[in-house]
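Here is the naming used below: chain letters follow the sequence lines, and residue numbers restart at 1 for every chain.
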Protein chains: 2
Amino acid sequence: MAQSVTVDKILDAAEILFAEKGFSETSLRMITSNAGVNLAAVNYHFGSKNALIQAIFSRFLGPLTTLMEQGMAEKGWSQKDENAPLLEDILKLYTRSLLKIPTSHPNGVSVFMRLMGLAYTQSQGHLRRYLEDEYSRIFRLLMHFVKQSTPNLSTAERFWRIQFTMGSVAFTMSSIQPLTEILEDSKKAQANPEQVVNFLVPYLLAGLTSEPVDAVAIN
Amino acid sequence: MAQSVTVDKILDAAEILFAEKGFSETSLRMITSNAGVNLAAVNYHFGSKNALIQAIFSRFLGPLTTLMEQGMAEKGWSQKDENAPLLEDILKLYTRSLLKIPTSHPNGVSVFMRLMGLAYTQSQGHLRRYLEDEYSRIFRLLMHFVKQSTPNLSTAERFWRIQFTMGSVAFTMSSIQPLTEILEDSKKAQANPEQVVNFLVPYLLAGLTSEPVDAVAIN
DNA sequence: GAGTGTTTTAAACATACGTTTGGAAGCTTT
DNA sequence: AAAGCTTCCAAACGTATGTTTAAAACACTC
């Protein structure tokens with residue numbers, strides 16, 4: 001199980017293919033032939049296709065959560081603390097952490113951004129369970145801060161605004177732009193991740209902090 | 001090819017299953033057994049699984065585009081017109097049209113909202129081609145109005161803001177909430193489509209109309 | 001009610017998939 | 001260099017999939 005060359009070749013190839021085509025639409029034969037390894041290698045090294053999918057997610061979700069926890073610690077955020085962080089800082093913590101990963105990562109940011117989006121939309125039961133088991137703690141913590149920093153929102157409106165926000169993020173991450181090729185400007189708007197995040201954060205912030213529709217909650 | 005009972009039973013069952021599990025994850029055997037028809041019925045009536053998928057999309061995309069074109073006509077919007085419609089009205093036209101469909105539709109709004117989301121995220125080549133062929137006209141028209149009504153945005157920033165917006169919409173429509181079950185409040189926030197749209201439109205509007213990051217473009 | 005076209009049915013077909021197998025090849029340790 | 005472990009490989013396995021077939025059942029016209 002030690003970091004073999006084959007394991008990495010499989011991970012690199014699978015990551016790209018999954019991001020391009022989705023999980024069910026990508027076969028082990030495509031992956032192994034792209035990776036230049038034997039078909040049986042996946043089952044030998046990972047056990048199953050599902051386990052491979054999970055391995056791919058932990059390869060970047062591990063570093064991501066580490067970076068975010070470090071960031072929270074540096075800023076002195078704590079669950080106990082009464083003072084809420086600024087919403088803008090929460091968003092920035094997330095996006096900055098995301099942008100920090102790829103230096104060590106073979107396939108660039110956009111690939112696992114797209115994977116992140118797939119994790120939401122492809123309903124793969126095993127993946128959902130795995131992600132909940134492994135990463136729900138940091139997710140809940142983040143949500144705690146969001147809740148703290150938006151006290152003027154009703155529970156329902158906050159829930160939906162978070163939903164909308166995650167939608168933007170997840171979708172933006174699908175840089176493959178399935179339908180949106182129709183937009184004539186899609187070629188002009190080059191997909192430099194940092195630039196995109198520059199646009200994204202203010203956009204989200206405006207939506208999240210806009211005047212509530214609901215009656216203000218006591219919370 | 002006339003509207004047979006079998007055809008409708010297949011469409012109704014397939015719609016729900018596709019929305020729940022995705023296209024590749026739903027087999028013709030699931031569909032036909034849920035619909036209570038013979039396995040061969042799909043190929044007999046539709047020709048192929050892909051054709052069935054397309055048929056499902058035209059069943060609600062047809063009415064949707066009709067409603068939107070009617071709405072545009074009523075408001076007197078025209079491609080030639082110099083006066084841009086309000087961004088808010090564009091969004092409302094879309095969401096209101098969406099909410100108007102289900103009266104005639106067997107499976108409620110949220111099902112084809114979810115399908116709409118799938119259309120973006122599942123990259124099914126044939127679907128993309130089909131949607132582009134059939135519905136790119138109305139889509140481009142809509143984008144024309146959006147461009148008109150946001151003259152202060154640079155091409156790049158407008159592109160990305162539209163991208164973010166479509167992400168929110170597509171994702172919101174996936175009401176199955178894969179990962180978001182983690183949000184404790186997900187049960188409290190009942191998914192009444194009209195209420196969701198009430199939250200959604202102002203949220204999107206705030207993001208779209210917020211102060212540009214880019215230098216203002218001449219356009 | 002015989003004849004004609006349409007729809008339904010059970011069965012089979014071909015193919016692609018994830019997984020397993022048993023032996024060969026490659027290392028490392030002795 | 002033999003032994004023991006790990007990794008690789010070609011082949012096969014079982015299963016599930018979309019699709020096709022040919023006959024049966026049905027519906028309707030004349």
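- Taking A:Gln54 as the reference, A:His126, A:Tyr130 meet the side chain to side chain contact (heavy atoms under 4.5 Å, CB included) condition, with sequence neighbours excluded.
- Taking the side chain as every heavy atom from C-beta outward, B:Phe199 and A:Phe164 approach each other to under 4.5 Å.
- Checked against side-chain hydrogen bond (donor to acceptor under 3.5 Å, both in side chains), A:Glu88 has the following partners two or more places apart in sequence or in another chain: A:Lys92.
- Looking at heavy atoms from C-beta onward, A:Tyr135 lies in side-chain contact with A:Ser58 at the 4.5 angstrom threshold.
- Counting heavy atoms from C-beta outward, B:Arg59 and B:Leu11 have side chains that approach closer than 4.5 Å.
- Not counting sequence neighbours, A:Arg129 has no partner by the side-chain hydrogen bond (donor to acceptor under 3.5 Å, both in side chains) test.
- The side chain of A:Thr6 contributes no N or O atom lying less than 4.0 Å from OP1 or OP2 of D:dT7.
- Shown here are the side chain to side chain contact (heavy atoms under 4.5 Å, CB included) partners of A:Ala35, two or more places apart in sequence or in another chain: A:Lys9, A:Ala13, A:Val37.
- When rounded to the nearest whole Å, the span between CG of B:Leu52 and P of D:dT17 equals 15 Å.
- Direction change of the helix axis from one end of the helix from C:dG1-D:dC30 to C:dC27-D:dG4 to the other is 0°, with five pairs defining each end axis (rounded to 10°).
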Next on the checklist: I need a per-nucleotide contact map over nucleotides 11-27 of chain C, read 5' to 3'. Cutoff is protein heavy atoms under 4.0 Å; write B for the base, S for backbone only, - otherwise.
Outcome noted: -B----BBBBB------

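- Side chain to side chain, A:Thr165 and B:Tyr203 meet the donor-acceptor criterion of an N or O pair below 3.5 Å.
- At C:dT8, one or more side-chain N or O atoms of B:His45 fall inside 4.0 Å of OP1 or OP2 (strictly under the cut-off).
- Atom CD1 of B:Ile31 is separated from atom P of D:dT19 by 11 Å (rounded to the nearest Å).
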